[in-house]
Chemist: 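Take a look at this one; I'll ask things after.
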Amino acid sequence: MKNSAKISLHSLYDKLYKNYGSQGWWPLVDLKPEINPTQRGSYTGYHPGNNNYPKNEDQIFEIIIGTILAQNTSWVNAEKALWNLAQENLISENKLNKLDLDELAQIIRPSGFFNQKAIKIQNMLQFLQKNPISSLKKLEINVLRQNLLDIKGVGPETADSIVLYAFNKPIFVNDAYTKRLLSRIGLIPEKSTYDFIQNLFHSQINANFVVYNEYHALIVQHCVYVCSSKPKCSMCFLNQYCQKIIPIKSKKKAKKSKSINKTNK
DNA sequence: GCCCAGGAGCCCG
DNA sequence: CGGGCTCATGGG
């Protein structure tokens with residue numbers, strides 16, 4: 001287990017891309033009548049089309065709302081909330097500004113944490129009134145990121161997702177999947193901080209919007225279906241590089257230290 | 001019923 | 001600065 005060869009971040013990207021291809025994030029809601037809920041992004045693999053093009057302000061706005069709705073939930077659930085908004089033609093600053101907090105919360109219910117997320121969306125709306133999307137586009141990347149981080153309810157992953165996927169600026173989006181994958185293949189310690197992991201990518205992968213866009217999306221793709229919390233190591237094309245191959249059907253816990261706290265809770 | 005999902009804020013030592 | 005808690009729906 002320990003003598004597996006380490007893979008570089010470049011090589012990891014190449015292998016993910018070779019296996020999964022372009023992910024075309026960010027997935028946008030598509031209200032075309034022939035597209036029913038079971039044909040949308042979350043069901044067809046998250047990426048119905050290539051979204052790597054300059055976005056208009058409506059699309060930027062939708063992505064910003066989507067990043068908040070997607071916090072700590074499945075994209076399927078976040079998309080249901082977006083779908084609810086879209087059906088009432090509410091994915092616009094003007095419309096959302098007229099909506100009161102409780103109405104908004106009910107509409108986005110499927111995304112979970114809906115009371116908190118409604119507040120976060122309103123915080124974002126206030127921010128956008130002072131800082132319209134047209135002006136945000138002109139900001140230097142780190143200034144934009146910091147402005148977003150100052151909004152209550154926008155943490156590092158959400159800010160970076162907006163910078164990258166809404167504004168097409170090159171920044172690497174770290175997340176729970178990235179940490180899980182990298183720690184399993186032995187590239188980082190399990191308790192690495194957000195910034196440490198992000199800096200690792202920034203130091204080894206040249207700043208490029210398309211690459212950062214695809215890289216994060218590819219990691220999500222791989223971790224949802226293969227390197228999941230109960231990983232499918234036998235079908236993983238990375239298992240020759242992995243430090244933590246978990247045999248299928250293993251019912252006993254690998255370590256007993258951590259599970260004790262949980263079961264006694 | 002339990003576990004998990006593209007986090008963030010807050011509190012506490 | 002790190003760890004634990006809270007927020008909550010929906011699918012497996």
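Hydrogens, waters and symmetry mates play no part in the numbers below; they use all other heavy atoms, side chains included.
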Chemist: For the side chain of A/R180, counting heavy atoms from C-beta on, which of B/dA5, C/dG10, B/dG7 is nearest?
Modeler: B/dA5
Chemist: Kindly point out which of B/dA8, B/dA5, C/dC7 is positioned nearest to the side chain of A/T73?
Modeler: B/dA5
Chemist: Can you tell me the base-pairing partner of B/dG1? Count Watson-Crick or G-U wobble geometry only, both distances below 3.5 Å, and say none if there is no partner.
Modeler: none
Chemist: Among the nucleotides B/dA5, C/dT9, B/dA8, which one has an atom lying closest to any side-chain atom of A/N77?
Modeler: C/dT9
Chemist: With sugar-phosphate meaning primed atoms plus P, OP1 and OP2, does A/L69 contact a base, only sugar-phosphate, or nothing at under 4.0 Å between heavy atoms?
Modeler: nothing
Chemist: Going by atom types alone, do A/D175 and A/T178 pair a side-chain donor with an acceptor below 3.5 Å?
Modeler: yes
Chemist: Excluding sequence neighbours, so at least two apart, what forms side-chain hydrogen bond (donor to acceptor under 3.5 Å, both in side chains) with A/D160?
Modeler: A/R145, A/Y194, A/Q198
Chemist: For A/S22 and A/Y17, what are the C-alpha separation, side-chain angles and deciding distance, and is it a side-chain contact (heavy atoms from CB on, under 4.5 Å)?
Modeler: CA-CA 7 Å; A/S22 169; A/Y17 193 90; 3.7 Å; yes
Chemist: Of the candidate nucleotides B/dG7, B/dG9, C/dA8, which contains the atom at the shortest distance from the side chain of A/F114?
Modeler: C/dA8
Chemist: Kindly point out which of B/dA5, B/dG9, B/dA8 is positioned nearest to the side chain of A/K152?
Modeler: B/dG9
Chemist: Which nucleotide sits closest to the side chain of A/F113: C/dA8, B/dA8, B/dA5?
Modeler: C/dA8
Chemist: From C/dT9, C/dG3, C/dG10, pick the nucleotide closest to the side chain of A/K80?
Modeler: C/dG10
Chemist: Which pair of heavy atoms, one from A/I188 and one from A/K179, lies closest together, and at what distance?
Modeler: CD1-O, 3.8 Å
Chemist: Which listed nucleotide (B/dA8, C/dT9, C/dA8) is nearest to the side chain of A/P156?
Modeler: B/dA8
Chemist: Start at the 5' end of DNA chain B and walk down; is the nucleotide closest to A/T67 or to A/G153 reached first?
Modeler: A/T67
Chemist: Below 4.0 angstrom from OP1 or OP2 of C/dA8, is there any side-chain N or O of A/N115?
Modeler: yes
Chemist: Given A/L139, which partner from the list A/L148, A/N131, A/N147 fulfils the side chain to side chain contact (heavy atoms under 4.5 Å, CB included) test?
Modeler: A/N147
Chemist: Of the listed nucleotides (B/dA8, C/dT9, C/dC7), which one gets closest to any side-chain atom of A/Q116?
Modeler: C/dC7
Chemist: Assign each of A/K120 and A/K230 to its nearest nucleotide of DNA chain B by heavy atoms, then name whichever residue's nucleotide is nearer the 5' end.
Modeler: A/K230
